[in-house]
Amino acid sequence: MTDYLFEPSEVFSLKVATEAGEYPVARIFCVGRNYVAHAREMGGEVDREAPWYFTKQVAHAVHSGATLPYPPGTQNYHHEMELAFAIGAPVFRASEAEAAAAVYAYGCALDMTRRDRQQDGKDNRRPWSLGKDVEGAAVFSALTKAGDFGAVGPQAIALQVNGEARQDATLDDMVWSCAEIVQHLSQYYHLRAGDVIMTGTPAGVGPVVAGDVITGQIDGLAPVELTLTDAE
Ligand code: MN
């Protein structure tokens, strides 16, 4: 057994409805601009050429129900409500059928974002790490197996801040389907169990402040919740 100099990070895992075992998360991929109305509100266009991505470190993921301080280094922390899905089988250069079969489970997720730092990145043509790869900024609900959820389609996806509606759309507003994302992303990565993909947010993103309670739902999935306390 390796003698570590300090305690290694704990595995971050998600509960799965109807399973005793939990799903250990290895990597988090995020799709940019996957709803037309959100792309417009961000001053962009949806690119039907190909989906595109950024990543978040698993070390920055937290479970639904977390209470965290408002993060440092931003005056404009935003909520983004998203459908997440988890890969269940190895797929590389997936066919359409392989891609669909690789989707193991779905969950609700929050892609919390330092919008001001993301905008710095855009303005200066630099990476989005300070904007997106924020400690505690990937919030996940428990997962529901794909067969129990059924086809992705007219399910409502919604988010409230302190109970007030902020985002409200349906999953069939997504530009790229989960299987299309797997097909495309697997051209670049050997996707495998442990990979979780956040599929982009609908319109209505906006700022949150210390004291806010952020709640999100997708019909048929466990909800997601995050509470922000005063900055450290
Ligand atoms: Mn997002």
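Note that ligands are numbered from 1 as they come in the structure, with each ligand's atoms numbered from 1 the same way.
Between Lys132 and Asp111, at least one side-chain N (NZ, or NE/NH1/NH2) sits under 4.0 Å from a carboxylate O, which counts as a salt bridge. Ion pair Lys56/Asp133 not flagged as a salt bridge, since none of the NZ, NE, NH1 or NH2 atoms sits closer than 4.0 Å to an Asp/Glu carboxylate oxygen. For the pair Asp148 and Lys145, the salt-bridge criterion is not met [side-chain N within less than 4.0 Å of a carboxylate O].
Excluding waters, the set of protein N, O or S atoms lying under 2.8 Å from the Mn ion (ligand 1) comprises Glu80 OE1, Glu82 OE2, Asp111 OD2.
Shown here are the side chain to side chain contact (heavy atoms under 4.5 Å, CB included) partners of Glu180, two or more places apart in sequence or in another chain: Arg48, Trp176, Ser177.
For the side chain to side chain contact (heavy atoms under 4.5 Å, CB included) with Leu159, the qualifying choice from Gln167, Glu80, Glu82, Gln217 is Gln167, the only one to do so.
Taking the ring centroids of His184 and Tyr53, they lie under the 6.0 Å cut-off.
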